[in-house]
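First the structure, in the form of structure tokens, and then the observations on it.
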Amino acid sequence: MSHSSTRPAPSPGHSHGRQHAHPRDHGHHHDHGHAGAASCSAPAQDINAGTSACGSSGCGAGDGHGVLPPWPRIAAALTLACAAEAAHWLQWNLPGMALALVAIALSGLGVYRAGLKDLARLHLGINALMAVAVTGAVLIGQWPEAAMVMALYVAAERIEHGAMDKARHAIRNLLDLAPETADVLQPDGSTLRTPASGVAPGALVRIAPGARVPLDGAVTQGESSVNQAPITGESQLADKAPGDALYAGSVNQNGELVMRVTAPAGDTLLARIVHAVEQAQASRAPTQRFVDRFAAVYTPIVFVLALALALLAPLLMGWSWQQSAYQALALLVIACPCALVISTPVTMVSALTAAARRGILIKGGSALESARALRAIALDKTGTLTTGRPTLVHWQAWGGADAQVAAATAWQLASRSDHPVSRAIAAGLPPQAFDASGDALQELQALPGRGVQARIDGLTWRLGNLRLVRELGLADDALQQALEQHEQLGRSVTVLADDAGVRALFAVADPLRADAPQAIAQLRALGVHPVVFSGDNPATVAAVAREAGIATPEDARGGLLPGDKLTALAALQQRFGPVAMTGDGINDAPALARADIGFAMGGAHSTGMAMETADVVLMNDDLRRIPDTIALSQRAHRVLWQNIGLALGVKAAFCLLAVLGLATMWMAVLADMGVSLLVVANGLRLRRWIAAPHERPDSMRGRPAMGQ
């Protein structure tokens with residue numbers, strides 16, 4: 001597997017480049033442009049906008065209502081509406097009508113104007129519904145109720161608008177974690193407190209114990225433990241030493257650190273995460289698109305039913321014309337689709353924010369909704385199931401060679417190679433190996449796919465894999481047996497050889513991630529079948545899979561090229577249905593794109609291509625975040641349909657009351673706005689989501705929630 005030594009952050013304007021035909025909708029093929037995000041996160045400024053990116057019927061924050069009146073005006077309108085109701089009861093008709101008109105003007109003049117313009121364009125949204133209802137109520141003499149309906153409606157919209165803004169802007173609060181200033185080291189050794197926005201990459205910044213890291217960088221001096229939960233979601237402290245990465249917003253715990261800044265303030269990992277989540281919030285999930293389409297058909301039907309009730313009730317049910325008009329107007333207000341339309345975005349926004357706070361970067365509502373349907377998941381081995389940091393676990397001289405000479409020769413070859421296995425061998429050999437090595441290495445050259453070779457003291461030495469040994473004709477039965485024993489233990493063996501024969505064996509293993517067995521158990525508990533896909537040799541893959549808890553031989557497949565992984569994924573999809581892929585390398589990118597959902601490891605070994613291609617990025621490389629994502633998807637789906645069912649159920653009940661002649665305008669506005677506030681409150685609960693005990697396997701119950 002090819003790895004990158006740097007960690008590129010998820011790009012806010014990610015371009016996946018997915019051109020393949022695929023049955024799913026990734027939800028992020030469209031242009032995420034900033035305008036879309038802005039329209040969904042800020043109050044609409046144009047009362048004539050009609051609809052917005054947030055909902056086709058013009059409900060909720062960012063709708064076509066324009067700037068809602070401030071609370072003092074709403075409070076004055078409610079007071080005047082109550083006074084109009086009292087005047088009506090006292091039969092002070094003219095003063096009461098004047099009070100009602102002033103209340104309507106104070107609270108809903110903008111809504112009324114927008115409604116008239118919508119009617120002129122034959123756009124039947126909530127503005128048009130309210131304009132017709134208020135006008136009709138005044139015309140039939142129910143002006144106090146018209147005033148109260150408008151004032152209560154605008155008050156509820158203001159509450160709803162604030163709740164939606166709170167949900168949408170919750171993730172931006174993370175940016176407040178990064179301090180606004182940084183202590184920049186000066187040439188004379190002093191520090192100068194400088195605005196973080198003015199610190200350029202390459203500057204040295206000192207971070208005192210207990211202080212927050214102001215910018216992204218790499219440690220150059222000092223050792224400490226750092227709490228980086230706000231960025232990666234990991235619950236344990238991360239030990240930092242020279243060379244390790246630091247992220248803006250994390251907290252230095254005990255030792256003083258000096259870091260070299262690697263990114264400006266606007267391009268930190270924290271800022272990119274916030275930007276990417278905001279773009280995901282602006283995209284529309286399948287359920288949200290369905291609700292919007294449904295509302296676009298539903299609203300005209302309501303108009304037709306209300307008109308039919310007004311015209312036919314006197315003829316078929318013996319009602320007076322005034323009574324039928326009143327019930328028709330109540331039906332219009334009751335049937336407003338506002339609660340239905342607002343039920344989906346608030347839920348999706350809250351779930352995406354909850355995921356980001358736990359180190360799970362989900363790139364859109366489609367991925368969040370689709371995760372609950374996963375039935376199988378393919379996991380890459382190196383860097384995904386394992387740490388991606390090979391270590392030398394065993395070495396031995398071979399064929400009567402001198403161990404010290406073999407170690408020194410191997411160190412010279414391995415220390416000049418960038419391959420992870422070579423680095424592991426060089427780092428794992430005893431100090432006397434490089435103490436004894438000379439500087440006589442000449443004609444060093446790479447042997448692609450095999451190893452390296454060089455001349456040392458006049459002899460040609462090679463450090464390579466089994467393929468190289470076989471090509472040289474040096475793989476006798478004893479060597480084959482020794483190699484097979486190591487492979488059964490999940491080790492990759494590198495051989496040191498000269499022209500005469502093999503001189504040493506070096507066994508390297510990539511340790512299994514500590515959280516891998518627990519993640520596999522959680523996936524099984526959620527009904528997801530785990531398999532391993534890897535380009536490594538089959539024996540090593542099988543050994544690692546067994547250690548992780550995947551013991552079935554056909555579920556651990558090695559020796560797969562990128563094209564082979566695509567074929568294997570297609571077979572899994574045919575057998576199980578929706579399938580996820582998890583990886584971290586460039587060679588995993590095609591499979592990440594082809595899978596129904598791609599999970600990319602976001603740690604130090606992950607490549608930018610993998611993170612760009614994937615639908616979900618696990619910022620802290622914790623595999624347990626995959627079952628967490630599936631559990632969150634299941635919870636969000638339940639909340640979505642709770643909200644949709646509540647909105648439709650309450651409206652159906654009150655519409656029946658209107659048809660029976662039992663509804664009032666008061667009931668209408670309370671039914672509509674009350675349900676709107678209920679679905680918003682229900683959706684907002686997901687912002688504080690943690691996996692509940694029944695969403696985890698038995699082994700996880702009673703333990704602290706991850707990321708908490």
Begin from the C-alpha positions of Gln634 and Leu526 and carry the test side chain to side chain contact (heavy atoms under 4.5 Å, CB included) through to its verdict. CA-CA 10 Å; Gln634 293 173 346; Leu526 290 167; 3.9 Å; yes

Hey, what do you get for CZ (Arg491) to OG1 (Thr540), rounding to the nearest 0.5 Å? 10.5 Å

Spacing of Ile550 atom CD1 and Asp555 atom CG [to the nearest 0.5 Å]: 7.0 Å

Test: Asp622 and Arg624 ion pair at under 4.0 Å: yes

Run the side chain to side chain contact (heavy atoms under 4.5 Å, CB included) test on Leu472 and Arg462 for me, step by step, so that the C-alpha distance in whole Å, both residues' side-chain angles and the decisive distance to 0.1 Å come before the verdict. CA-CA 10 Å; Leu472 295 173; Arg462 300 172 183 87; 3.5 Å; yes

Residue pair Leu392 / Leu429: nearest heavy atoms and the distance that separates them: CD2-N, 3.9 Å

Gln253 side chain to Val251 backbone, donor-acceptor under 3.5 Å: yes

Show your reasoning for whether side chain to side chain contact (heavy atoms under 4.5 Å, CB included) applies to Met259 and Val261. CA-CA 6 Å; Met259 77 169 187; Val261 176; 4.3 Å; yes

Is there a side-chain contact between Val226 and Leu257 in this structure, where contact means two heavy atoms from C-beta onward sitting under 4.5 Å apart? yes

Residue pairs meeting ring-ring contact (aromatic ring centres under 6.0 Å, His included), one or both in residues 513-532, sequence neighbours left out, come to His529-Phe576

So, does Ser250 use its side chain to make a donor-acceptor pair with the main chain of Gln228 at under 3.5 Å? no

Under 3.5 Å donor-acceptor, Thr629 side chain and Arg625 backbone: yes

Less than 4.5 Å apart, any side-chain heavy atom of Leu523 and any of Leu623? no

Kindly say whether Thr386 contributes a backbone atom to a donor-acceptor pair with the side chain of Lys381 at under 3.5 angstrom? no

Please examine the side chains of Tyr247 and Thr268, heavy atoms only from C-beta on, and report whether any two atoms are closer than 4.5 Å. no

In short, Ala614 meets Lys363 closest at the heavy-atom pair O-NZ, 3.0 Å

Side-chain heavy atoms of Leu246 within contact of Ile207, under 4.5 Å: yes

Roughly how far apart are Asp596 CG and Ser366 OG, rounded to 0.5 Å? 12.0 Å

All side-chain contact (heavy atoms from CB on, under 4.5 Å) counterparts of Leu566, not counting sequence neighbours: Pro590, Ala591, Arg594

Under the 3.5 angstrom rule, does the side chain of Thr220 hit a backbone N or O of Val258 as a donor-acceptor pair? yes

Please report the C-alpha distance between Leu413 and Ser422 in whole Å, then the side-chain angles of each, then the deciding distance to 0.1 Å, and finally whether the side chain to side chain contact (heavy atoms under 4.5 Å, CB included) criterion is met. CA-CA 8 Å; Leu413 290 167; Ser422 295; over 6 Å; no

Under the side-chain contact (heavy atoms from CB on, under 4.5 Å) test, residues paired with Val405 that sit two or more places apart: Asp402, Thr409

On a heavy-atom basis, which atom in Trp395 and which in Pro430 lie closest, and how many Å separate them? NE1-CD, 4.0 Å

Looking only at heavy atoms, what is the nearest atom pair of Ala446 and Val452, with distance? CA-CG1, 4.2 Å

Parallel, tilted or perpendicular: which one describes the rings of His486 and His394, with boundaries at 30° and 60°? tilted

Atom CZ of Arg503 and atom CG of Leu474: how far apart are they, to the nearest 0.5 Å? 9.0 Å

For Gln221, does the CD atom have more than 12 heavy-atom neighbours from other residues, nucleotides or ligands under 6.0 Å away? no

Sidechain-backbone polar pair: Arg212 side chain, Gly249 backbone, donor-acceptor under 3.5 Å: yes

Answer yes or no: is there a donor N or O on one side and an acceptor on the other, between the side chain of Ser534 and the main chain of Gly558, under 3.5 Å? no

Distance, nearest 0.5 Å, that separates NZ of Lys565 from CG of Leu592: 8.5 Å

Without swapping roles, check the side chain of Arg357 against the backbone of Thr353 for a donor-acceptor pair under 3.5 Å. no

Is the shortest heavy-atom distance from the side chain of Leu512 to the side chain of Pro517 under 4.5 Å? yes

What is the distance from atom CG of Asp515 to atom CG of Leu385, rounded to the nearest 0.5 Å? 9.5 Å

State, yes or no, whether a side-chain contact exists between Pro209 and Asn254 at a heavy-atom distance under 4.5 Å. no

Partner residues of Phe533 under the ring-ring contact (aromatic ring centres under 6.0 Å, His included) criterion, sequence neighbours left out: none

Between Arg513 and Asp621, is there a side-chain N and carboxylate O pair less than 4.0 Å apart? yes

If only atom types and distance count, is the side chain of Thr582 paired as donor or acceptor with the main-chain N or O of Leu379 below 3.5 Å? no

side-chain contact (heavy atoms from CB on, under 4.5 Å) partners of Pro201, counting only residues at least two apart: Pro264

Which atom of Gly383 lies closest to which atom of Asp584, heavy atoms considered: CA-OD2, 3.6 Å

Non-hydrogen side-chain atoms of Val541 and Val544 separated by less than 4.5 Å: no

Does anything in residues 239-263 form a salt bridge (charged side-chain N to carboxylate O under 4.0 Å, His left out)? List the pairs, not counting sequence neighbours. Arg206-Glu256

Mark yes when over 12 heavy atoms from residues, nucleotides or ligands other than Gln445 sit less than 6.0 Å from its CD; otherwise mark no. yes

Note: Ala545 and Val532 closest approach over all heavy atoms is CB-CG2, 4.0 Å

Short question: side chain of Asp216, backbone of Ala248 - any donor-acceptor pair under 3.5 Å? yes

Beyond-backbone contact of Arg524 with Pro530, side-chain heavy atoms, under 4.5 angstrom: yes

